[in-house]
There are 4 protein chains.
Amino acid sequence: MTERDTRNAPRGRLDKRQAIIAAALRVFAREGYGQASLDTIAAEAGVAKPTIYNHLGGKENLFRHVLAEIAARSNAKTLAALQTFPTDPQELRDHLNTVGLRLAECFVDEQSSALRRLLHAEIARFPDLFDVVLDSGPNQATEALAGRLARLANAGYLTIEDPIRAARQFVALLTDELPAMTALGTRPINPDDLERAVTAGVDTFLRAFATPTDAPADPPAREAVGPLPG
Amino acid sequence: MTERDTRNAPRGRLDKRQAIIAAALRVFAREGYGQASLDTIAAEAGVAKPTIYNHLGGKENLFRHVLAEIAARSNAKTLAALQTFPTDPQELRDHLNTVGLRLAECFVDEQSSALRRLLHAEIARFPDLFDVVLDSGPNQATEALAGRLARLANAGYLTIEDPIRAARQFVALLTDELPAMTALGTRPINPDDLERAVTAGVDTFLRAFATPTDAPADPPAREAVGPLPG
Amino acid sequence: MTERDTRNAPRGRLDKRQAIIAAALRVFAREGYGQASLDTIAAEAGVAKPTIYNHLGGKENLFRHVLAEIAARSNAKTLAALQTFPTDPQELRDHLNTVGLRLAECFVDEQSSALRRLLHAEIARFPDLFDVVLDSGPNQATEALAGRLARLANAGYLTIEDPIRAARQFVALLTDELPAMTALGTRPINPDDLERAVTAGVDTFLRAFATPTDAPADPPAREAVGPLPG
Amino acid sequence: MTERDTRNAPRGRLDKRQAIIAAALRVFAREGYGQASLDTIAAEAGVAKPTIYNHLGGKENLFRHVLAEIAARSNAKTLAALQTFPTDPQELRDHLNTVGLRLAECFVDEQSSALRRLLHAEIARFPDLFDVVLDSGPNQATEALAGRLARLANAGYLTIEDPIRAARQFVALLTDELPAMTALGTRPINPDDLERAVTAGVDTFLRAFATPTDAPADPPAREAVGPLPG
DNA sequence: CATGAATGAGCCTTCATTCAT
DNA sequence: CATGAATGAAGGCTCATTCAT
């Protein structure tokens, strides 16, 4: 007995919540917390206003849920982008460019940008949200990235003392120009421009952290993935 | 004998405009554009509400004036911080640390932070403000900084291809950790922490751009980091 | 045993719309569009102010609905007054006096007067309303009246070339003195005065349009300003 | 180099009052009492707002002065139009058409129409103004017109019992269609249409009041209120 | 007197929230 | 649970009026 045929209407029993959050996400991102009106959100979600109060209580709570949702999505995207981090020594620059581009794409992603704007806008009203989002997002990504960089360092391709810091600086160098180029995420960016920005960041990163290759190389011969070598 | 404002000042002063902008600046920074109420601003400025409309027209215009004001102040501060940029070769790292600290202090400055938050918050409603502020602030600072860096490069102490990019990256590396450490500018930062962050940024910057001093002199006749040479 | 309003009637009635329109009608008529305040209307209707916005949108729309309502009522009243128009030749003057009195009563009716005042007052702001009201009211009445007069003309009792014009002139002669006598409808009129005014109008109308009764026809044997001496 | 301000400024010593009243007249006529703002009036008069309070006290008083002014002008115009009333028997219809056209032109005059609209609009707020205007305007005109008609009656060309009533009815028949044709005075009227309306009114008036000319003469010999004998 | 500046009051409108169904 | 209807509170803006110059 599948309740499939009740797709449309009766489905709403429970995932109206999803519709509400999705609509709220759009509206909040578009108009900000203060100017966003529950009427608009309700209309855009196709539900009545009190339904919002039934599923989520009030505007403030709705906002928290929305932010948590975007943060989770952005985080997932970013972690996915790091999944394919190169473990292969050769073509280090290319690999960094590739993963850097993925990260930059996450950075300029519409929802990620909206999240940043909303955080900036409402941190005064919701001081706690900042840490919540930070922990559920960038911090995890930084840590993951730091791990990858540490591996490369261990493999001898990079010279890194503090991987966390290096990870942060990698991202800083990658995303350096993006806010100005996208008007804080409100204007789309030309893919070529994005790639150029990434290349510039990676370039400087390598100038700072690439292990000099004067010695004809023969890198530490280890599989590189080996964390914490012996 | 300036009758500044010690006068009985009961009514009709001309500098109420200043009071209004100052109050608006505080209130907008504290509550954001949407939630800030003209009642609050008027009360905080010690004027009646219509006085705001006499001096500046409406909420939107007031906001624009306020943003222009903060942007101008922040820009002035930043340019002042760059004024004393070292042109003297010795102690390059110390000098960069010093000026970096000044820049970082500008970055975490309360008004500067508020400006960043307001821009993020309201860029959707005031798309034009972003470019205005950018041109009247960061862009000028970046250019000034780029000039200083170019001089150092000319003197052989740094190896820089694109001074504008280097300036941007310098700032990016300096301010890298500050948003997280100050909760987007809403929490004061420990001076030691600030210095540590600056030091870290300068360190990486020098790793990337300092001319190798093995050969004490004759500036790096190399292509520098010629991107992806052969 | 009508549960008129003895019901607890605490909230959420549907006929609040009627209450709002009724109250708005009173307030607009009393204070004019510009000075009428939605607070007053809401209070007088026993509803909260936003309820007005739920049922009818905004002040302007409310005004239009109110005017349409009065126009419709006035029109209905006037057409009813014409329903009993005499088709019977004898006692033509009496019949005209009777129907003239009915029309004059419609003219001095409180709501009809208020409608005229509001139209005059706000025609600059609502230029379209004039034609709307005209078509939904006076024009219909004039046409109906013209039909009745034409029938009398056909029957030989009146000599009328252009029935529409005659109808208009009939009304003009009837209502001639009423604005001055009622202070544009703001002061009640003595029924005797009203009747006198009507009689005077009918008299002149008959002098202009009554078919000469040279044929024996027992003319209006009364002296009464007798035109057409004979 | 322009002596612009010498022109109107110093002259303003005393007739700023005139400028204010003229501007107020325009603004009140255009926007009505309620919506007219003293700011607009002051701007249109080229004076500062308090100047209005110096010359005339407050909005209400200004309105009274303005209405008195328009009423006086309209009255003067109307009386002037009656000045040339025919006393000469021949061509009675043409003469009535001529003077009727003049009266109708007074009726559709912009200021006269505005006066009527303002009176309708604000009679509730200024109940006394109605009688003031009536006495200073229409009543005088009616009386003057009645005198002329009485003279014609005395001369045997018209058969009139009550000249005041006849005068009122003459005007009523003349102006019958004008409100509808001019949208209460807000739309200009085609001169031909105006003439047609007047002709129609005069026609009916003559049907009602013209002495039958079968027996060419022996006028009713009554004095009939005839003022201005001779 | 004339003016620029200031103000208290008020209005139209909208919002987040809650009953009652 | 979901909804239509209703509401208290508040916001932005404007106005008629008054000081102080």
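Lettering follows sequence order; numbering is per chain, from 1. Note: hydrogens, waters and symmetry copies are ignored here, and every other heavy atom, side chains too, is used.
For the pair B:His55 and E:dG4, the criterion of a side-chain N or O lying under 4.0 Å from OP1 or OP2 is not met. Contact annotation: C:Thr51 reaches the phosphate of F:dT7 (side-chain N/O to OP1 or OP2, under 4.0 Å).
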statement: Output field dot_bracket for DNA chain E (Watson-Crick or G-U, both distances under 3.5 Å, | for other-strand pairs) contains .||||||||||||||||||||
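What separates CZ of B:Arg17 from P of E:dA6 is a distance of 11 Å, to the nearest Å. Atoms CG (B:Leu56) and C1' (F:dG12) sit 15 Å apart, rounded to a whole Å. Distance CD1 (B:Ile41) to C1' (F:dA10): 15 Å, rounded to an integer number of Å. Remark: P of E:dC19 and CD1 of A:Ile52 are 18 Å apart, rounded to the nearest angstrom.
Pairs passing the salt bridge (Lys or Arg N to Asp or Glu O under 4.0 Å) check and including a residue from residues 18-29 of chain B, sequence neighbours excluded, read B:Arg26-B:Glu44. Listed by first then second residue, pairs satisfying salt bridge (Lys or Arg N to Asp or Glu O under 4.0 Å) with a partner in residues 52-61 of chain A read A:Glu60-A:Arg64, not counting sequence neighbours.
Partners of C:Ser37 under the side-chain hydrogen bond (donor to acceptor under 3.5 Å, both in side chains) rule, at least two apart in sequence or in another chain, are C:Thr40. Partners of A:Ala121 by side chain to side chain contact (heavy atoms under 4.5 Å, CB included), not counting sequence neighbours, listed by chain and number: B:Ala121. The ring-ring contact (aromatic ring centres under 6.0 Å, His included) check on D:Tyr53 picks up nothing, with sequence neighbours excluded. Listed by chain and residue number, D:Leu25, D:Ile70, D:Arg73, D:Asp109 satisfy the side chain to side chain contact (heavy atoms under 4.5 Å, CB included) test with D:Gln111 (two or more places apart in sequence, or in another chain). In this structure, the side chain to side chain contact (heavy atoms under 4.5 Å, CB included) partners of C:Ala48, at least two apart in sequence or on a different chain, are C:Pro50, C:Thr51. Scored by the side chain to side chain contact (heavy atoms under 4.5 Å, CB included) test, C:Thr186 finds C:Arg117, C:Ala183, D:Ile123 as partners (sequence neighbours excluded). By the ring-ring contact (aromatic ring centres under 6.0 Å, His included) test, B:Phe130 pairs with no residue at all, sequence neighbours left out.
No hydrogens or angles were tested; on distance alone, a donor-acceptor pair under 3.5 Å links the side chain of C:Asn54 to the base of F:dA6.
For the segment residues 120-128 of chain A, the set of residues with a heavy atom within less than 4.0 Å of an atom of DNA chain F is empty.
Residues A:Leu67 and A:Phe28 fail the side-chain proximity criterion, which asks for heavy atoms closer than 4.5 Å.
Ring pair A:Phe126/A:Tyr33 is perpendicular by interplanar angle, where above 60° counts as perpendicular and below 30° as parallel.
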- line: Contact string for nucleotides 11-17 of chain E, one letter per nucleotide 5' to 3', B = base within protein heavy-atom range under 4.0 Å, S = sugar-phosphate only, - = neither, reads SBBBBBB
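Comparing atom distances between the D:Ala48 side chain and each of F:dA6, F:dT3, E:dT3 picks out E:dT3 as nearest.
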